[in-house]
Amino acid sequence: MLQTLSELKCLDSSIYHLPTLDIAKKLLGCILIKETTEGTAAGIIVETEAYIGPEDQASHSFQNRRTKRTEAMFGRPGTTYMYTMHTHNLFNVVTGKIDQPEAVLIRAVEPIYNIDLIRKRRSKITKDTHLTNGPGKLTKALGIDMADYGHDLTHSPLWIASYNTPTSEVVSGPRIGIDNAGDAKDYPWRFWLKHNKYVSK
DNA sequence: TTTAAGATGTACT
DNA sequence: GTACATCTTAAAT
């Protein structure tokens, strides 16, 4: 648990120009911070998934499908792509150059700052490990919503900071929840910190 | 304008 | 294991 965020340094924008799969790995161990009128909360990113639009049947931007919804994926790397799934908002970091619709879905974080606010926002949850271990859970816990669509992640109120190099090993495997995505469902484009208790199941 | 499906989460059997 | 909440997008009528 951090007592202050003042020591944190915003992730350098050059990282977002790396290949998408590299970014998915490098974001692990970084800190995602959201500031709201309610307060500021933050978590360590412990699980990600890569979506590489043109060649990825599981992506909303498969074969460069460009619609009002996917527009942000075609924008600058280092901005956000948000998607509403049933009652939940899912948060992605846009990667790839302009007009290359690629993104990294943040699937889970480990609460590290203002966990009281996170518990309040997830009031029905009793176990801390269940507060943020899913893509819809962490957005609710941190107060991220559709108003953050297209936001630049190098600026307040929503930003990503570098942190300690992850102590645990990065492992990969197939992505989750895309059973009808043909061959793409088997691509090992999900990355997480081994043995971390806050990774989704 | 109507309909169907979804990168999920929670409650319940 | 199954049901369903609840809403937007996008495709079909």
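Sequence lines set the chain letters: A, B, ... in the order given, protein chains first and strands last, and positions in each chain run from 1.
Secondary-structure annotation of DNA chain C gives the stems B:1-6 with C:7-12, B:8-12 with C:1-5, with a stem taken as at least 3 successive Watson-Crick or G-U pairs whose two distances both fall under 3.5 Å.
Atoms CG and CG, from A:Asp116 and A:Asn114 in turn, are 6.5 Å apart once rounded to the nearest 0.5 Å.
Looking at heavy-atom distances under 4.0 Å, A:Ile125 makes contact with sugar-phosphate atoms alone, never a base. Looking at heavy-atom distances under 4.0 Å, A:Ile178 makes contact with sugar-phosphate atoms alone, never a base. Within the nucleic acid shown, A:Tyr81 comes within 4.0 Å of at least one base atom, counting heavy atoms only. Across all strands, A:Arg122 comes closer than 4.0 Å only to sugar-phosphate atoms, never to a base (heavy-atom distances).
Under 4.0 Å is where a charged nitrogen must lie from a carboxylate oxygen, and between A:Arg121 and A:Glu38 at least one such pair does.
Going from the C1' atom of B:dA7 to that of C:dG1 covers 23 Å, rounded to whole Å. Taking atom P on both nucleotides, B:dT2 is separated from C:dT6 by 22 Å, rounded to a whole Å.
Under the 4.5 Å side-chain heavy-atom criterion for ILVMFWY residues, a single connected hydrophobic cluster contains both A:Ile125 and A:Ile118.
Closest to the side chain of A:Lys137, from the set B:dA7, B:dG9, C:dT9, is B:dG9.
For the salt bridge (charged side-chain N to carboxylate O under 4.0 Å, His left out) criterion with A:Glu71, the lone passing option out of A:Arg66, A:Arg76, A:Arg65 is A:Arg66.
Distance, A:Lys124 NZ to B:dA11 C1': 10 Å, rounded to whole Å.
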(request) Go through the steps for A:Thr20 and A:Glu102 under the test side chain to side chain donor-acceptor pair (under 3.5 Å), then give the verdict. (result) CA-CA 7 Å; A:Thr20 297; A:Glu102 305 180 13; 2.4 Å; yes
(message) What verdict does the salt bridge (Lys or Arg N to Asp or Glu O under 4.0 Å) test give for A:Arg175 and A:Asp186, after you've listed the backbone C-alpha separation in whole Å, the side-chain angles of each residue and the deciding distance to 0.1 Å?
(response) CA-CA 7 Å; A:Arg175 292 172 293 176; A:Asp186 298 320; over 6 Å; no
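Side-chain atoms of A:Met1 and A:Ile112, non-hydrogen and from C-beta on, never get closer than 4.5 Å to each other. Inter-residue side-chain proximity for A:Asp145 and A:Thr139 is flagged as unmet; no heavy-atom pair is nearer than 4.5 Å.
Under the stacking criterion of a centre-to-centre distance below 5.5 angstrom and an interplanar angle below 30°, A:Tyr83 is not stacked against the six-membered ring of B:dA7.
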With 3.5 Å as the limit, what N/O pairs link the protein to nucleotides 1-6 of chain C?
residue, atom, partner, partner atom, Å
C:dA5, N6, A:His86, ND1, 3.4

